[in-house]
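Below, all heavy atoms of this structure are taken into account, side chains as well, without hydrogens, waters or symmetry copies. Throughout, numbering of the chain's residues begins at 1 and tracks the sequence. We count ligands from 1, going down the list as the structure has it; atoms in each ligand are counted the same way.
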Amino acid sequence: MSVPSVSFADSVWFAADYSLREHNTFGFDVRAHLLCRVESEAQFAAALADPRAEGLRTLVLGGGSNVVLTRDFDGLVLLVALRGREVVREDSDAWYVRAAAGETWHDFVAWTLAQGMPGLENLALIPGTVGAAPIQNIGAYGLEMGERFASLRAIELATGTVHEFDAAACRFGYRDSFFKREGRERFAITSVTFRLPKAWQPHADYADIARELAAKGKADNPDAQAIFDAVVAVRRAKLPDPRELGNAGSFFKNPVIDAAQFETLRAREPEVVSYPQPDGRVKLAAGWLIDRCGWKGRALGHAAVHERQALVLVNRGGATGAEVLALAQRIQQDVIQRFGVALEPEPLVL
Ligand code: EPU
């Protein structure tokens with residue numbers, strides 16, 4: 001392995017020709033032309049203003065848990081390493097807690113519970129950083145991050161100026177936000193503030209969680225810690241740990257189709273797993289569609305479909321991003337052929 005050359009200027013470090021293997025949860029060994037680890041908003045601005053960054057494309061990386069790196073990146077990678085978390089204020093209705101973008105999401109969730117501030121427990125063990133959470137509006141077991149969001153700070157890459165975004169400006173949707181669309185490649189999130197209502201209600205209806213709580217004798221009036229523990233147990237049982245088996249969580253979004261298409265599909269496939277949406281459309285479980293096509297546990301080269309959750313693609317060791325994409329395309333073809341439904345990748349493909 002070559003040793004990256006490192007230099008020091010204007011309080012920011014640049015590394016050249018740097019392997020991103022440790023910085024993406026698929027473990028793909030692609031290289032960054034330049035990499036800079038930023039620990040503050042000032043360092044972000046300094047890195048962007050540095051002459052060596054001039055004219056380069058930029059890629060902001062947190063934990064790398066929602067990207068598929070298919071090739072070397074010929075620009076500047078900004079590795080988000082801003083740390084810190086605090087209770088910023090409290091009123092009669094809620095606590096407001098802020099975390100810097102580089103904090104590990106799961107550790108932050110555990111910390112809020114330790115402060116006696118419930119509300120994020122359903123989102124335990126989601127890989128990645130706090131700064132990445134709003135980009136795709138992470139969600140699990142009946143809760144989306146957007147429901148606990150107050151505001152965020154983000155630095156505009158072109159100008160180095162910091163902007164504040166409220167929930168409306170973030171335009172959260174299902175695994176979607178402004179930062180995945182118009183804001184993509186334009187902003188880097190530096191901190192996020194959450195609003196945790198004091199009138200806490202458990203979200204424990206999701207079948208897997210209800211089952212796990214019942215098994216532990218906690219089905220009646222579970223507290224936030226019991227839900228946290230149940231979520232951790234369910235995720236550990238179903239989802240591969242990226243440190244052991246490279247993956248980026250769900251590889252596809254659950255597709256949403258219109259009511260007429262759903263009725264036609266259900267007539268043919270009565271067991272199809274579906275969730276009616278408030279707007280009359282119907283969300284389908286992509287994992288079920290993929291499983292039904294026989295892909296669960298199957299491999300193509302070094303890339304494979306996880307044995308316990310067909311929605312997760314894994315690197316069995318030595319896979320490239322291109323191999324994972326080839327597998328994803330085969331799955332998309334089969335699902336469209338059998339069900340007439342298009343699957344859209346959830347992670348960012350680069
Ligand atoms: N299913 C199968 N076979 C499979 C996988 C799933 O038949 O291989 C069926 C299940 O039996 C169940 C349904 O599909 O009836 C849904 O499965 P599951 O409860 O595991 O959830 P999901 O829809 O596959 C979504 C999120 C996950 C999140 C879980 C729990 C998306 C794209 N994925 O998965 O999020 O943890 O719900 O809320 O919305 C992620 O985004 O990376 C992620 C892991």
Side-chain angles (χ1 to χ4, degrees), residues 24-26 62-68 105-106 109 120-129 132-147 172-177 180 203-212 227-228 230-242 245-257 265-266 269-277 282-298 304-314 324 328 331-332 334-335 338-339 341-349:
N24 73 103
T25 57
F26 263 120
S65 55
N66 208 45
V67 285
V68 189
W105 173 261
H106 176 73
V109 172
L120 295 174
E121 56 282 349
N122 290 52
L123 308 181
L125 220 58
I126 294 183
T129 55
I135 298 176
Q136 63 151 346
N137 186 18
I138 57 172
Y141 311 111
L143 183 78
E144 283 185 348
M145 188 230 60
E147 296 168 64
F172 294 123
Y174 164 60
R175 294 296 191 280
D176 196 30
S177 77
K180 233 178 157 177
H203 285 261
D205 300 341
Y206 200 92
D208 282 347
I209 301 304
R211 233 186 334 261
E212 179 63 26
I227 294 176
F228 178 93
V231 168
V232 167
V234 167
R235 290 190 78 96
R236 289 221 166 106
K238 269 196 163 181
L239 298 165
D241 181 343
L245 196 59
N247 75 90
S250 299
F251 196 89
F252 300 103
K253 289 192 193 184
N254 284 331
V256 182
I257 62 175
L265 178 61
R266 190 167 55 177
E269 306 272 355
E271 287 167 34
V272 61
V273 179
S274 60
Y275 316 94
Q277 300 298 290
V282 182
K283 190 188 272 185
L284 304 178
W288 186 88
L289 301 173
I290 297 166
D291 196 349
R292 269 300 158 111
C293 289
W295 275 106
K296 200 180 206 162
R298 270 177 66 192
V305 180
H306 187 50
E307 279 149 11
R308 276 167 283 145
Q309 164 52 293
L311 199 47
V312 177
L313 304 190
V314 299
V324 168
I331 292 170
Q332 284 169 314
D334 281 5
V335 168
R338 171 153 179 188
F339 299 105
V341 174
L343 293 183
E344 186 189 330
E346 190 199 87
L348 180 64
V349 178

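- Distance CG/N66 to CD1/I138: 10.0 Å, rounded to 0.5 Å.
- Of all the listed residues (Y141, Y174, F252), Y174 holds the heavy atom that lies closest to atom 31 (C) of ligand 1.
- Every atom of ligand 1 with a heavy atom of R235 under 4.0 Å away is listed here by number and element: 36 (O), 44 (C).
- Residues V68 and L348 fail the side-chain proximity criterion, which asks for heavy atoms closer than 4.5 Å.
- The nearest protein heavy atom to atom 37 (O) of ligand 1 is closer than 4.0 Å.
- Relative to atom 7 (O) of ligand 1, the option among F251, W288, W295 with the closest non-hydrogen atom is W288.
- For atom 33 (N) of ligand 1, the candidate residues are A286, S250, S65; the nearest heavy-atom contact is made by S250.
- Within the set G287, A285, G139, P347, the minimum heavy-atom distance to atom 14 (O) of ligand 1 is found for A285.
- The shortest contact between atom 15 (O) of ligand 1 and any protein heavy atom is with V273 CG1, 3.6 Å.
- The line from CD1 of I331 to CG of L311 is 9.5 Å long, rounded to the nearest 0.5 Å.
- When heavy-atom distances to ligand 1 are checked against a 4.0 Å cut-off, Q136 has no atom that comes that close, whether in backbone or side chain.
- The nearest heavy-atom contact from the protein to atom 34 (O) of ligand 1 is L311 CD2, 4.0 Å.
- The closest approach between any non-hydrogen atom of R308 and ligand 1 is not below 4.0 Å.
- Atom 44 (C) of ligand 1 is flagged as protein-proximal [any protein heavy atom, distance under 4.0 Å].
- Rounded to the nearest 0.5 angstrom, E144 CD and N122 CG are separated by 11.5 Å.
- With ring centers used as reference points, F228 lies under 6.0 Å from H106.
- Side-chain contact between L125 and V231 is absent, with no heavy-atom pair separated by less than 4.5 Å.
- Looking only at heavy atoms of the protein, atom 29 (C) of ligand 1 is closest to Y206 OH, 4.0 Å.
- Here the heavy atom of the protein found nearest to atom 10 (C) of ligand 1 is K238 NZ, 4.9 Å.
- N254 ND2, 4.1 Å is the protein heavy atom nearest to atom 25 (C) of ligand 1.
- Of all protein heavy atoms, the one lying nearest to atom 3 (N) of ligand 1 is D291 OD2, 2.7 Å.
- With salt bridges taken as basic N to acidic carboxylate O contacts below 4.0 Å, one links K238 and D208.
- Under the 4.0 Å criterion applied to side-chain N and carboxylate O atoms, K253 and E346 are not assigned as salt-bridge partners.
- No heavy atom of R292 sits closer than 4.0 Å to any atom of ligand 1.
- Interatomic distance, CD1 of I135 versus CZ of R175, reported as 14.0 Å (0.5 Å rounding).
- The single protein non-hydrogen atom nearest to atom 8 (O) of ligand 1 is A310 N, 2.8 Å, given as residue, atom name and distance.
- Considering E346, Q309, R175 only, the shortest heavy-atom separation from atom 27 (C) of ligand 1 involves R175.
- Every N/O-N/O distance between Y275 and ligand 1 stays at or above 3.5 Å.
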